[in-house]
Amino acid sequence: MANDEVIKAVLEGKKKILLFRRLADQHTDAAKLAFQTNHTFTYSRELESIITKDGTVVRPGALESEVSIEALQSKKDPLVTMLKTATIKGEKLELWEVTVDEEVKNEEGKYPAVYCQGYLGEWEEEASAEEDATFSGTFTVEMEPQFGYATLTTEQEEAVQYAFRDTTADSEI
C-alpha cells in the first residue's frame with residue numbers, strides 16, 4: 001500500500017462518537033454528546049509475574065475498562081444534565097462508541113460499535129475566565145464491553161454532520 005493510501009486509511013478521531021442512555025430508559029433512543037472534544041477508551045488488566053525456577057509465569061487479572069470523556073458545555077444539551085444527574089445519583093448508564101465512517105458500514109447500513117454498561121464515577125466542570133466552559137467525566141465499564149454494529153437514527157446521523165443540501169427550495173421543509 002502506498003504511503004498516501006495508508007494515510008487515507010487512517011481513521012480520524014472525530015469519526016468515533018459517543019452515545020449515552022440511562023439503562024432505565026431503554027424505551028428511548030440513545031443520545032449523542034454535543035460538542036465532544038475528546039474521549040479515551042481504555043482496556044487494562046493487572047498482570048501478576050510469578051518467578052519460577054523455569055522462568056517467569058504471568059497470570060492475568062480481570063479486565064477493567066473505562067471511558068474518559070471531555071466536551072464543551074452546551075447551553076441546551078439535556079444529555080449533559082442527565083449525565084451529571086446519573087453521576088450524582090449513581091444511575092447505571094449505557095454507552096456506545098460508534099465509528100461513523102461510510103467505508104466501514106456493514107451491508108445493513110449499521111456502523112461498527114462498542115457497547116457497554118456502567119457508571120459515571122467522576123464528573124468535573126471547568127469554567128475558566130478565558131476559555132469555553134467544559135466538562136469531563138470517567139465512565140467505568142461493568143463487565144466486558146461488547147462489539148457489534150449499531151444503527152444510527154436520522155437525527156443522530158444529522159447531529160454527527162449535516163448533509164449537503166442543494167441551493168433550490170426544499171419542498172419537505
Side-chain angles (χ1 to χ4, degrees), residues 10-44 63-106 108-165 170 172-173:
V10 172
L11 181 63
E12 296 174 349
K14 67 182 180 181
K15 293 193 176 184
K16 287 192 167 205
I17 62 167
L18 296 178
L19 291 101
F20 294 88
R21 178 173 62 196
R22 281 183 347 125
L23 186 62
D25 293 336
Q26 291 183 1
H27 61 281
T28 64
D29 292 335
K32 180 191 167 293
L33 184 59
F35 305 129
Q36 179 187 331
T37 57
N38 189 41
H39 78 270
T40 305
F41 211 121
T42 304
Y43 303 93
S44 63
L63 179 67
E64 296 179 21
S65 302
E66 67 180 27
V67 183
S68 301
I69 306 154
E70 296 174 20
L72 298 176
Q73 288 185 25
S74 169
K75 292 180 181 180
K76 295 184 178 185
D77 186 358
L79 179 60
V80 173
T81 303
M82 185 277 288
L83 293 174
K84 182 177 178 180
T85 302
T87 305
I88 293 167
K89 296 187 179 230
E91 296 174 320
K92 195 172 198 176
L93 300 170
E94 296 175 286
L95 177 148
W96 291 261
E97 179 191 60
V98 182
T99 303
V100 185
D101 186 331
E102 293 297 318
E103 293 180 26
V104 295
K105 261 186 181 181
N106 71 6
E108 290 109 35
K110 295 183 178 190
Y111 297 96
V114 181
Y115 167 76
C116 50
Q117 297 178 5
Y119 298 88
L120 268 169
E122 182 179 297
W123 184 267
E124 181 178 307
E125 295 180 358
E126 184 176 338
S128 167
E130 296 181 1
E131 303 288 331
D132 294 323
T134 62
F135 70 87
S136 60
T138 303
F139 180 89
T140 301
V141 177
E142 189 171 65
M143 298 195 279
E144 286 188 20
Q146 301 297 305
F147 299 84
Y149 286 85
T151 302
L152 292 183
T153 65
T154 302
E155 293 79 22
Q156 291 164 339
E157 285 187 341
E158 288 173 356
V160 173
Q161 177 61 50
Y162 56 83
F164 178 84
R165 293 180 67 176
D170 189 345
E172 295 179 17
I173 294 179

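By convention here, the first residue in the shown sequence is residue 1.
- Residues meeting the side chain to side chain donor-acceptor pair (under 3.5 Å) test with E144, sequence neighbours left out: none.
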Using a 3.5 Å cut-off and no angle test, enumerate the donor-acceptor pairs between side-chain atoms of residues 76-84 and protein atoms at least two apart in sequence or in another chain.
| unit_1 | atom_1 | unit_2 | atom_2 | d |
| --- | --- | --- | --- | --- |
| D77 | OD1 | L79 | N | 3.0 |
| D77 | OD2 | A34 | N | 3.3 |
| K84 | NZ | E125 | OE2 | 3.3 |

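- Under the rule for a ring-ring contact (aromatic ring centres under 6.0 Å, His included), the partners of F41 that lie at least two apart in sequence or sit in another chain are Y43.
- To the nearest 0.5 angstrom, F139 atom CZ is 12.0 Å from S68 atom OG.
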Would you be so kind as to tabulate the donor-acceptor pairs closer than 3.5 Å made by side chains of residues 21-28, with sequence neighbours excluded?
| unit_1 | atom_1 | unit_2 | atom_2 | d |
| --- | --- | --- | --- | --- |
| R21 | NE | E94 | OE1 | 2.7 |
| R21 | NH1 | T28 | O | 2.7 |
| R21 | NH2 | E94 | OE1 | 3.1 |
| R22 | NE | D25 | OD2 | 2.9 |
| R22 | NH1 | E91 | OE2 | 2.8 |
| R22 | NH2 | D25 | OD1 | 3.1 |
| T28 | OG1 | D25 | O | 2.7 |

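- With rounding to the nearest 0.5 Å, the separation of CD in E66 from OG in S44 is 7.0 Å.
- Scanning for salt bridge (charged side-chain N to carboxylate O under 4.0 Å, His left out) contacts around E97 gives K16, with sequence neighbours left out.
- Considering only residues two or more places apart in sequence or on other chains, E64 meets the salt bridge (charged side-chain N to carboxylate O under 4.0 Å, His left out) condition with none of them.
- Here ring-ring contact (aromatic ring centres under 6.0 Å, His included) pairs that include residues 114-134, with residues two or more places apart or in two chains, are W96-Y115, W123-F135.
- The backbone N or O of E70 lies less than 3.5 Å from a partner atom in the side chain of T37, making a donor-acceptor pair.
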Could you give me the CA-CA distance, side-chain angles and deciding distance for V114 and L95, then say whether side-chain contact (heavy atoms from CB on, under 4.5 Å) is met? CA-CA 8 Å; V114 181; L95 177 148; over 6 Å; no
Could you please spell out the steps behind the side-chain contact (heavy atoms from CB on, under 4.5 Å) verdict for Q73 and E126? CA-CA 9 Å; Q73 288 185 25; E126 184 176 338; over 6 Å; no
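- Within the model, atoms CD1 of I69 and CD of Q36 stand 7.5 Å from one another, a figure rounded to the nearest 0.5 Å.
- Heavy-atom minimum distance, A113 versus A150: CB-CB, 3.7 Å.
- For the residue pair G121 and T87, the shortest heavy atom distance occurs at C-CG2, 4.5 Å.
- Considering only residues two or more places apart in sequence or on other chains, K110 meets the salt bridge (charged side-chain N to carboxylate O under 4.0 Å, His left out) condition with none of them.
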Decide yes or no on side-chain contact (heavy atoms from CB on, under 4.5 Å) for V67 and T42, but give the supporting numbers first. CA-CA 6 Å; V67 183; T42 304; over 6 Å; no
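- With sequence neighbours left out, the side chain to side chain donor-acceptor pair (under 3.5 Å) criterion links N106 to E108.
- Applying the salt bridge (charged side-chain N to carboxylate O under 4.0 Å, His left out) test to pairs two or more places apart or on separate chains, none has a residue in residues 113-124.
- Residues T138 and L120 form no side-chain contact, since every pair of their non-hydrogen atoms from C-beta on lies 4.5 Å or further apart.
- Put simply, the side chain of L33 does not reach to within 4.5 Å of the side chain of I17, judged on heavy atoms.
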